[in-house]
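Scroll down for the structure; my scribbles are underneath it.
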Amino acid sequence: MSGIDFAQLPHTPMYICEEALLEKNLDLLGHIQRESGAKVILALKGFAMWSTFSLVAKYLHGCTASGLHEAKLAREKMNKEVHTYSPAFKDDEIDEIARISDDIVFNSPSQFHRYYERVKAINPTISISLRVNPEYSSSPVDLYNPCGLYSRLGTTIANFDPEIVSKLDGLNFHALCEQNVDALEGVLEAFEAKFGDYIDTMKYINFGGGHHITRVDYDVDRLIEVIRAFKARHNGITVYLEPGEAVGWQTGILVASVLDIMHNGMDIAILDTSAEAHMPDTLAMPYRAMIRGSGEANEKAYTYRLGGNTCLAGDIMGDYSFDEPLNVGDKIIFEDQIHYTFVKNTTFNGIKLPSLALWSKEEKLIIVHEFGYEDYRNRLS
Ligand SMILES: *Cc1c(COP(=O)(O)O)cnc(C)c1O
């Protein structure tokens, strides 16, 4: 994004996705597909900037959707494979989901029994899958651990119903979060130990998401080996990966402006964005977002607590230091804010949603969507 003049941005806050960086991630995922034979689909839950989907579609096989709305977006904006999973489907949505999906993933045998015939009647060629819980996880954070105690996500082997196996085309698991291939190997071992009897009658196995493939230290060659070996053990079975984060990982920024500087025991800068509304994982995970040109508190000469423009006391990005004092109007650039950010945004406090923009390969800023009062009003009554 070297050609961009942040001082000249027409407004903030603004997410700016850099097309070349997105393509770099897609290219790596394409390499994995070619070398391993796996199919990669995008988990919309983590990244759904559909203005980029014509690019994404050049590399990936389609999308994985978490329900009706994501499935509709996948069909409308990418129109490749649509795999739809929900913890539970609903009577008033299942018919449309069946019509527009290539693949439906039930969470439990009871959901399978409730909807299998209905789904097949509407869409006879749809693939049917069950999400299983391999009861193995090394996920670092409970909030993001699908295999934790009493997890509702997926069917454990104790609750598995072998009666339905003949009607299943696939098995899905999703057990990882921001993890490397060693964690996948652990999950696969547990999955094969528990569900091994059923794998070879399936057309495919979906390894879920949470593979931090595009992170620099991810062992891509090992992933390719692991997938190849799995396929070799199981008659060349089709393998899917459905990453979200790895697609949007380090593909862009959130730019905010300093609105005011105040003092209460320390220097405090108020920004025109919000950790709560625009960077929710910084509070939920939690993690500290990187700010371009900043250091830890007291590392550089001028330290500030950065806070959001809402009335939530805890709407704080953290304490950061800078070489120069901050001034009203200065731009603050939060790194890596493209995945799990705007897909989760809220209009809490009526705060303006950040615009969505693309920094194109031709080095042009394309503001794809600007939000306003109506977006706040229309979600209320
Ligand atoms: C969240 C999720 C994904 C994507 O996970 P990432 O961590 O973004 O790669 C894939 N599959 C399922 C079932 C999910 O819930």
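One-based numbering, in listed order, for ligands and for the atoms of each.
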Do R288 and Y320 form a cation-pi contact, if we require the NZ or CZ to be under 6.0 Å from the six-membered ring centre and within 45 degrees of the ring's axis? yes
K344, NZ atom: more than 12 neighbouring heavy atoms under 6.0 Å: yes
Sub-4.0 Å heavy-atom environment of ligand 1, residues by chain: A43, K45, R131, H174, G209, G210, E242, P243, G244, E245, Y340
Close side-chain approach of K45 to Y340, heavy-atom, < 4.5 Å: yes
Distance under 6.0 Å and angle within 45° of the ring axis: does R131 meet both against Y85? yes
Does any part of the side chain of L353, heavy atoms only, come nearer than 4.5 Å to the side chain of T347, both counted from C-beta? yes
Does D142 have more than 12 heavy atoms from other residues, nucleotides or ligands lying within 6.0 Å of its CG? no
